[in-house]
Amino acid sequence: MLRSVKGLKDILPQQTPQWQHIETVARTLATQYGFSEIRIPIFEFTELYARSIGGTTDIVEKEMYTFLDRDGSSLTLRPEGTAGVVRAVLEHKLLDSPTTRKLFYLGPMFRHERPQAGRYRQFHQFGVEALGIDHPLIDVEVMALLCQFFSSLGLEDLTLHINSIGTLNDREVYIHKLKEFLSPILKTLCGNCQRRHSTNPLRILDCKVPVCQETTQQTPILIDYLSDNSRTHFQAVLDGLSALDIAYTINHRLVRGLDYYSRTTFEITSPHLGAQSTIGAGGRYDSLFQVLHGPSTPAIGFAVGLERVTLLLAEDQTTKKSPLFFVAGFGDTGKPKAFTLLYKIRQAGMRADTDHKGNTLKALLRSADKLGADYSIIVGDNEADSNTAILRNMQTKVQEIVNLEEITQRIQKK
RNA sequence: GUGGGUGUAGCUCAGCUGGUUAGAGCGCCGGAUUGUGGUUCCGGAGGUCGCGGGUUCGACCCCCGUCACUCACCCCA
């Protein structure tokens, strides 16, 4: 049997109402907060991601779906949204208009990871990007939107973790201190962390190995090494969150994985998800524009993993649909008349269906029942001859005879 | 890339320490006379027991390999 590719999921008809709901909430809220939707390509030149995400990150090193185009250029399925948005913004000079500096997107991303609960090779993200605004209150706005998105969906028990990883300079100073502190006790750390010490020392902070957690209790704290600017900014963000009554936890270990982050970083976690507990995360990326040869532009954004959101949502997200009319036509004259009627009802904007195979009233009503019809419209030869139809309420079994010409008008009110 | 768990009907699962025709519930299809569904009753279809090899008189069951799914590590949304 042909199967789907590993790590890819079909979203089946039972689940699409839930997805539509999530997407509607995302679009509505983002719009309320002043963001406009942008739709960018699903693949880009590999260079874009290599440069923006960072050459030593796992994403770039081993998780990208990269392939050669016919002319030999290297293309990559987007592993995240920010890089593409920034590219599009630069390409179309969107920074020049105040109406196109706050953008949001919705769509699939691709990473070649080993699938796991809440982690897929094609997954969907809802993300926002606020560009060109340095003010700490935009950080607060973005986090407020993120929190409101989750609460609108009815998610509970979530924690907003926040930290500041400072500017590149701040971090250099800190990383130096950190390595200095860890050097003498390096042997006590796990093998992974011993390696990280030289490659990516910040990551040691969020190592889950107990020994490492223990020893890193005593390490210098990043926010103690922030420059005055970064520190003031961070404090203003925290004050802003408090002013809005948004609960947060300062998490000194929160260091984002992508190279382009700076200063404010945040993450929302749920205790109900197993190992992949982060459902949304983001932060500032003030230097990304320059990395991509654009003008120096402060920016902040977040991305939400939609599959993880669906895992937290109640299964029975039954969305109310408009009533379904089942047209039950049978007999030599009834059947054709019913088919025209079916078309007319649909043209009038109502939801209607039939069963072409059913030739007896019994079989047709059974089909109506299985399709979950609210009303059946019965057109047998008798009805066809008198130009009428029987309108049957499937729940109450109440029936009435309606003239064929008036039927669409008659049921419009149902 | 590394490790653990699982793999029997469309779905959820049963199948005793290896023993011959592999079962149940749900679902699906059909019937219970003449133009009225859901309930009930009756009947039916549907399975290379993931795949390949081995041990055995005999394997769904034991062994090896392989694939798939799944969870965890790594990392991330």
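The chains referred to below are lettered A, B, ... by the order of the sequence lines, with proteins before strands, and numbering in each begins at 1.
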Side chain of [X], base of [N]: donor and acceptor closer than 3.5 Å?
X: A:R119; N: B:C75; result: yes
X: A:Q399; N: B:U36; result: yes
X: A:Q116; N: B:C74; result: yes
X: A:R366; N: B:C29; result: no

When all nucleic acid strands are considered with a 4.0 Å heavy-atom cut-off, which category describes [X]: base, sugar-phosphate, or nothing?
X: A:D58; answer: sugar-phosphate
X: A:F326; answer: nothing
X: A:L364; answer: nothing
X: A:A117; answer: sugar-phosphate
X: A:K335; answer: nothing
X: A:F302; answer: nothing
X: A:G118; answer: base
X: A:I390; answer: base
X: A:E307; answer: nothing

[atom1] of [X] versus [atom2] of [N]: gap in Å, rounded?
X: A:F110; N: B:A77; atom1: CZ; atom2: C1'; answer: 14 Å
X: A:L324; N: B:G37; atom1: CG; atom2: P; answer: 19 Å
X: A:E113; N: B:C74; atom1: CD; atom2: C1'; answer: 9 Å
X: A:I204; N: B:C75; atom1: CD1; atom2: P; answer: 11 Å
X: A:L365; N: B:U36; atom1: CG; atom2: C1'; answer: 5 Å
X: A:N359; N: B:G31; atom1: CG; atom2: P; answer: 11 Å
X: A:D355; N: B:C29; atom1: CG; atom2: C1'; answer: 13 Å
X: A:Y120; N: B:C69; atom1: OH; atom2: C1'; answer: 13 Å

> Are any side-chain N or O atoms of A:R78 and backbone N or O atoms of A:M109, one a donor and one an acceptor, separated by less than 3.5 Å?
Replying inline: no
>> Can a donor-acceptor pair be found, under 3.5 Å and without considering hydrogens, that links the side chain of A:D369 to the backbone of A:R366?
In response: no
> Tell me, what's RNA chain B's dot-bracket, Watson-Crick or G-U with both distances under 3.5 Å, | for other-strand, [ ] crossing?
Replying inline: (((((((..((((.....[...)))).(((((.......))))).....(((((..]....))))))))))))....
>> Which label fits A:Y375 and A:F325: parallel for a plane angle under 30°, tilted from 30 to 60°, or perpendicular past 60°?
In response: parallel
> What is the ring orientation for A:Y225 with A:Y174, classed by angle as parallel under 30°, tilted 30 to 60°, or perpendicular over 60°?
Replying inline: tilted
Take atom [atom1] in [N] and the same atom in [M], then report the distance between them in whole Å.
N: B:C60; M: B:C51; atom1: C1'; value: 14 Å
N: B:U6; M: B:G65; atom1: P; value: 16 Å
N: B:C63; M: B:G5; atom1: P; value: 12 Å
N: B:U70; M: B:C11; atom1: P; value: 14 Å
N: B:A77; M: B:G7; atom1: C1'; value: 30 Å
N: B:G47; M: B:G27; atom1: C1'; value: 16 Å
N: B:G23; M: B:G46; atom1: P; value: 14 Å
N: B:G18; M: B:C61; atom1: P; value: 11 Å

>> Reading RNA chain B from 5' onward, which residue's closest nucleotide shows up sooner: A:L306 or A:H112?
In response: A:H112
>> If you assign each of A:R308 and A:K6 to its closest nucleotide in RNA chain B, which residue comes earlier from the 5' end?
In response: A:K6
Nearest to the side chain of [X] - [options]?
X: A:R111; options: B:A77, B:U36, B:C73; result: B:A77
X: A:Y261; options: B:C74, B:C69, B:A77; result: B:A77
X: A:F123; options: B:A77, B:C74, B:A68; result: B:A77
X: A:A303; options: B:A77, B:U36, B:C75; result: B:A77
X: A:M394; options: B:A72, B:U70, B:G37; result: B:G37

> For the rings on A:F104 and A:F35, is their centre-to-centre separation under 6.0 Å?
Replying inline: no
>> Determine whether the aromatic ring centres of residues A:F43 and A:F67 are separated by less than 6.0 angstrom.
In response: yes
>> Could you go through A:K337 and A:D381, starting from their C-alpha distance and side-chain angles, then the distance that decides it, and tell me whether this counts as salt bridge (charged side-chain N to carboxylate O under 4.0 Å, His left out)?
In response: CA-CA 9 Å; A:K337 265 205 170 163; A:D381 288 346; over 6 Å; no
>> Can you see whether A:T167 engages A:S262 through a side-chain donor-acceptor pair at a distance of less than 3.5 angstrom?
In response: no
> So, A:D239 versus A:S242: side-chain donor-acceptor pair below 3.5 Å or not?
Replying inline: no
Closer than 4.0 Å, any side-chain N/O of [X] to the OP1 or OP2 of [N]?
X: A:K370; N: B:G37; answer: no
X: A:K62; N: B:C76; answer: no
X: A:K362; N: B:G37; answer: yes

>> Is the shortest side-chain heavy-atom distance between A:R392 and A:L365 below 4.5 Å?
In response: yes
> Any chance NE2 of A:H272 has more than 12 other-residue heavy atoms, nucleotides or ligands included, within less than 6.0 Å?
Replying inline: yes
